[in-house]
Asker: 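Following this message is one structure expressed as structure tokens.
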Amino acid sequence: MSKQSVTVIGLGAMGKTLAKTFVRNGHPTTVWNRTPGKVVEGATHAPTAAEAVSASEVVVVCVLDDKAAREVLDPVDLTGKAVVNLTNGTPAHAREFARGDYLDGGIMAVPQMIGTPEVIVLYSGSQKVFDNYQDTLNALGRSKFVGDDPGLAALYDLALLSAMYGQFAGAQHALAMVGANKGDFVESLLIPWLTSTMFAIPTLGQSDPQSPDDMQAVAIANIIQASEDLGLGQPGHLR
Ligand code: NDP
């Protein structure tokens, strides 16, 4: 069976990897980038965004931000096209942008991971578009449809990123506390410790008699005191 044709708009670090992955999976792929000269071997390079859009049934957009996506797509006739916007944005942006056969998405991965089973790509909006193109989109990683509100994928994407940045801030502070005494602290303690604490996430915010709030308050006060003693000031993530 012949593979669905795909257009990729935007050939930055992520867009280029998406396009290469579609090519590798045998999809006839057309690409367009604002600044010419970015090459994806095996893809057709369209001279304009309009020509790129007209070349395929599904148009994957992956540019810097919502403003860029609008600048590219607003002047283009999208009639009869399925648009899959994988540009990072807010739920409000996604809802404003949604029109016709539209799926918004969030890529939970860095480019090096694309095409591996570790990748989750979140989608929301048109269930019909998701069903029609899921096999094609699965080339990028695991596809997860989270609902027909176009803003939901962006909401979940940003919530997951928020959790990640919070964890990174804590880890960075931990490394600053340990400083020169690091040894194999990261591999043998920090990573296993963070991994082992994940079980607590579903009950966050609930009182647990095994870990009373008063006990935790003492530990947090001690972290703050030890950080001040080390000249690090108050850890931002505990404020
Ligand atoms: P890059 O900075 O590498 O590339 C940005 C792309 O956007 C380029 O193709 C650039 O074109 C294009 N662009 C910027 N402004 C405009 C504009 N006004 N009109 C048309 N095109 C424009 O970013 P990435 O490729 O890394 O990221 C793309 C999207 O993917 C972002 O929304 C990002 O959040 C998301 N993403 C990226 C990840 C990553 O690790 N890289 C991870 C997960 C999501 P030009 O070459 O002409 O400048």
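Counting starts at 1 for both ligands and their atoms, following the listed order.
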Asker: For Lys67, does the NZ atom have more than 12 heavy-atom neighbours from other residues, nucleotides or ligands under 6.0 Å away?
Answerer: no
Asker: Within 45 degrees of the axis of the six-membered ring of Phe97 and under 6.0 Å from its centre: does Arg99 put its NZ or CZ there?
Answerer: yes
Asker: What are the two closest non-hydrogen atoms of Arg70 and Pro75, and how far apart are they?
Answerer: O-CD, 4.0 Å
Asker: Can you pull every nitrogen or oxygen pair between ligand 1 and the protein closer than 3.5 angstrom?
Answerer:
residue	atom	partner	partner atom	Å
ligand 1	3 (O)	Ala13	N	2.9
ligand 1	7 (O)	Leu64	N	3.0
ligand 1	9 (O)	Leu11	N	3.3
ligand 1	9 (O)	Gly12	N	3.2
ligand 1	9 (O)	Asn33	OD1	2.7
ligand 1	18 (N)	Arg34	NH1	3.4
ligand 1	18 (N)	Glu71	OE1	3.0
ligand 1	25 (O)	Ala13	N	3.1
ligand 1	25 (O)	Met14	N	2.9
ligand 1	32 (O)	Val63	O	3.1
ligand 1	32 (O)	Leu64	O	3.1
ligand 1	32 (O)	Asn88	N	2.8
ligand 1	46 (O)	Asn33	ND2	2.9
ligand 1	46 (O)	Lys38	NZ	2.8
ligand 1	47 (O)	Arg34	NE	3.0
ligand 1	47 (O)	Thr35	N	3.0
ligand 1	47 (O)	Thr35	OG1	2.5
ligand 1	48 (O)	Arg34	NH2	2.9

Asker: Answer yes or no: is there an ion pair linking Lys81 with Asp101, defined by an N-O contact shorter than 4.0 Å?
Answerer: no
Asker: Run the side-chain donor-acceptor check on residues 138-148: report pairs under 3.5 Å with partners two or more places apart or on a different chain.
Answerer:
residue	atom	partner	partner atom	Å
Asn138	OD1	Ser143	OG	2.6
Asn138	ND2	Gln134	O	3.4
Arg142	NE	Pro117	O	3.0

Asker: Near Glu41 CD, under 6.0 Å, is it more than 12 heavy atoms from other residues, nucleotides or ligands?
Answerer: no
